[in-house]
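Quick one: the structure is below, and I'll ask about it shortly.
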Amino acid sequence: MKIIESIPEFRSLRQNLNGSVGFVPTMGYLHAGHIALVQEARNQNSTVIASIFVNPTQFGPNEDLESYPRDLEADTVALKTAGTDYVYYPTVEDIYPPTFDTYIEVGSVTEPLEGRKRPTHFRGVATVVTKLFNIVQPHRAYFGQKDGQQVIVIKKMVNDLNIPIEIITVPTVRESDGLAMSSRNSYLSERERNAATIIYRSLNEVQSLFKNGQRDAEKLRETMRNVLTSEPLAKIEYISVADTDTLNELSVVENNAIASLAVQIGKTHLIDNVLLIQ
Ligand code: PAF
């Protein structure tokens with residue numbers, strides 16, 4: 001496995017690659033969820049490229065950019081073991097030189113849920129993902145279902161801008177008690193970590209209600225809310241049962257839906273979702 005930092009070096013390497021290229025963009029501090037993306041990319045492509053870049057433009061002014069966990073050494077071991085061929089590890093100056101002044105704004109799917117509290121977040125994600133796509137030029141790119149709105153935003157962008165890359169969504173990888181793997185779980189104290197299990201219990205409950213035939217979206221949301229409020233450490237930020245393409249809130253689930261939630265536990269913002277599939 002080779003680590004490449006400069007854009008010119010990456011471009012010349014890319015020119016010499018034959019066959020399909022699978023790309024896994026990450027912000028590092030990798031966990032089993034990222035490794036599942038690499039494994040899926042490995043199964044489907046001749047070459048697997050991962051990137052590690054903590055993207056400053058997707059963090060708001062009071063967010064955790066400075067304290068975001070980093071561990072390049074452990075990440076390179078994990079990526080190599082999972083079968084990555086190349087790691088693109090750019091500098092902030094390379095991606096955002098002082099003259100940089102172009103951003104990608106995806107429309108209404110960026111507004112609800114995460115977009116409400118973090119109004120510039122998806123502009124940063126869409127911009128960096130477009131730049132990484134242009135540098136890496138993959139055939140397929142892999143994203144985790146855990147960041148459900150991010151997947152919807154990226155699919156919309158790729159479709160609207162005719163970007164010739166297939167977006168593959170990989171199911172959420174969970175700890176044994178159901179907590180979705182996330183780099184931010186490392187912020188949780190032991191007490192908060194225990195409290196965070198309420199997230200999956202709430203999603204499990206909504207999923208079984210749906211399986212039992214409940215299609216009234218407000219009743220589904222109410223169930224999630226009731227479970228979450230039983231945990232005093234979990235401060236609800238949003239609860240949603242929405243269309244899987246537009247993220248419009250539903251009153252009745254006629255087709256499929258995405259049930260999402262965000263809670264604040266201590267200082268940590270945690271998100272998760274499940275798909276409600278007929
Ligand atoms: O999901 C992430 O880790 C990031 O949002 C991504 C897609 C790597 C863009 O910085």
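Remember, it's 1-based here, ligands and their atoms both numbered in the order they're listed. What you are looking at is a predicted structure, and each value in this text was computed from that prediction instead of being measured.
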Decide, yes or no, whether a salt bridge links D177 with R201 under the criterion of side-chain N to carboxylate O below 4.0 Å. no
For ligand 1, find out whether one of its N or O atoms is nearer than 3.5 Å to an N or O atom of N55. no
Below 4.0 angstrom from a heavy atom of Q58, which ligand 1 atoms are there? Numbered from 1 as shown, please. 4 (C), 5 (O), 9 (C), 10 (O)
Within the 4.0 Å heavy-atom shell around Q150, which atoms of ligand 1 are there? 1 (O), 2 (C), 4 (C), 5 (O), 7 (C)
Side chain or backbone of T26 under 4.0 Å from ligand 1, or both, or neither, by non-hydrogen atoms? backbone
Is the charged tip of R70 near the ring of Y29: under 6.0 Å from the six-membered ring centre and within 45° of its axis? no
Residues K117, E237; criterion salt bridge (charged side-chain N to carboxylate O under 4.0 Å, His left out); working and verdict: CA-CA 9 Å; K117 191 177 171 202; E237 291 183 337; 2.9 Å; yes
State whether the side chain of T84 and the backbone N or O of L79 hold a donor-acceptor pair below 3.5 Å, judged by distance alone. yes
K80 bridged to D75 by N-O distance under 4.0 Å: no
Nearest-contact summary for atom 3 (O) of ligand 1 - protein heavy atom, Å: M27 CG, 3.6 Å
Within 4.0 Å of some non-hydrogen atom of V128, the atoms of ligand 1 are 9 (C), 10 (O)
